[in-house]
Amino acid sequence: MSAVVLFSGGQDSTTCLAWAQARWSNVQCVAIDYGQRHIIELDCARKVATAAGVNLAIVPCDSLRALGGSSLTGTLTVPSGVPAAGIIPNTFVPGRNLMFLTIAAAFAFQRGITELVTGVCQTDFSGYPDCRADTMTALQAALRAGMDSPFTIHTPLMFLTKAQSVLLMRELGRLDLLALTHTCYNGKIPPCGICPACLLRAKGFAEAGLADPLIAASLGPAEPPAAPSR
Ligand code: ZN
């Protein structure tokens, strides 16, 4: 059995990749080069895919950048702190998940694959309407009808908190992969620590009671332990 993971090199899609590898023998990743402000995302996607031993296809799709209006595709300032409830922040890229899942479905269709996996999550979501379960249900119906193929969109993180997502990765035994991921909206490694994405990630690890392997990896190797005294 095969599956296609919509992949970004971030924490959530990397967790989805590990989840998919525990279920299907042939897992392939699709990442989209959409003119994202931080090309570091695609570098991380390549590193994670290599470490996980999966094929990664990077598909160009630059129309979202041309449309503008989002701080993740243009020069708008990324807001600091957690966004207020009910307000869609300027990090929202309208249509992104709809387009990307359609591209992933087309990629899967060409290879006879029907299982699609995405890391959307409405529990901790930043006010993004395209991360909600009802959007995914509607999109799955549209993809099935539009390509006449029995697609299933799997959303293993949909109702998990970030802490539960971290614990899921530990259960899957692949926390190591998270050292290679990228989350920061400001494109920083080590993470900036003040953007909404960094805050959410840090909160998840803190609540899970685990250290973020990305922090340790990005700060360089730790001092070797002192030789035991006799
Ligand atoms: Zn950040």
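Worth saying up front: this structure is predicted, and the values here are computed from it rather than measured. Only heavy atoms go into these numbers, but all of them, side chains included; no hydrogens, no water, no symmetry mates.
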Can you find a heavy atom in the side chain of [X] that is under 4.5 Å from one in the side chain of [Y]?
| X | Y | value |
| --- | --- | --- |
| Ile58 | Arg46 | yes |
| Gln11 | Lys162 | yes |
| Arg111 | Ser2 | no |
| Cys44 | Glu41 | no |
| Leu168 | Leu157 | yes |
| Leu6 | Ile32 | yes |
| Phe7 | Val54 | no |
| Met169 | Leu177 | yes |

Would you say the side-chain atoms of [X] pair up with the backbone N or O of [Y], donor to acceptor, closer than 3.5 Å?
| X | Y | result |
| --- | --- | --- |
| Thr135 | Cys131 | no |
| Gln164 | Thr161 | yes |
| Thr155 | Val120 | no |

In Å and rounded to the nearest 0.5 Å, what is the [atom1] to [atom2] distance from [X] to [Y]?
| X | Y | atom1 | atom2 | answer |
| --- | --- | --- | --- | --- |
| Trp19 | Ser165 | CH2 | OG | 12.5 Å |
| Ile153 | Arg144 | CD1 | CZ | 8.5 Å |
| Ile194 | Tyr185 | CD1 | OH | 14.0 Å |
| Asp176 | Thr14 | CG | OG1 | 10.5 Å |
| Cys184 | Ile189 | SG | CD1 | 8.5 Å |
| Thr181 | Leu17 | OG1 | CG | 11.5 Å |

Could you check Phe100 against Thr118 for side-chain contact (heavy atoms from CB on, under 4.5 Å), going step by step and ending with a plain yes or no? CA-CA 10 Å; Phe100 291 3; Thr118 173; over 6 Å; no

Can a cation-pi geometry be assigned to Arg201 and Phe205, taking NZ or CZ under 6.0 Å from the six-membered ring centre and within 45° of the ring axis? no

Between [X] and [Y], what is the shortest heavy-atom contact and its length?
| X | Y | result |
| --- | --- | --- |
| Ser8 | Ser13 | N-OG, 3.0 Å |
| Met147 | Ala106 | CE-N, 3.8 Å |
| Pro156 | Cys16 | CG-SG, 3.8 Å |
| Leu160 | Cys121 | O-SG, 3.3 Å |
| Gln122 | Ala133 | OE1-N, 2.9 Å |
| Leu116 | Ala105 | CD1-CB, 3.8 Å |

Assigning hydrophobic clusters by single linkage (Ile, Leu, Val, Met, Phe, Trp, Tyr; side-chain heavy-atom cutoff under 4.5 Å), is Leu210 placed with Leu214? no

Is it possible for you to say whether Met158 and Leu143 belong to one hydrophobic cluster, with membership spreading through side-chain heavy-atom contacts below 4.5 Å? yes

Evaluate side-chain contact (heavy atoms from CB on, under 4.5 Å) for Asp12 paired with Thr183, printing each intermediate quantity in order. CA-CA 9 Å; Asp12 291 342; Thr183 297; over 6 Å; no

Between Thr15 and Leu178, is a side-chain contact (heavy atoms from CB on, under 4.5 Å) present by the stated rule, with each step listed? CA-CA 8 Å; Thr15 302; Leu178 296 182; 4.2 Å; yes

Inspect the surroundings of CG in Asp148 and state if more than 12 heavy atoms from other residues, nucleotides or ligands are less than 6.0 Å away.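 No, the 6.0 Å shell around CG holds no more than 12 heavy atoms from other groups.
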
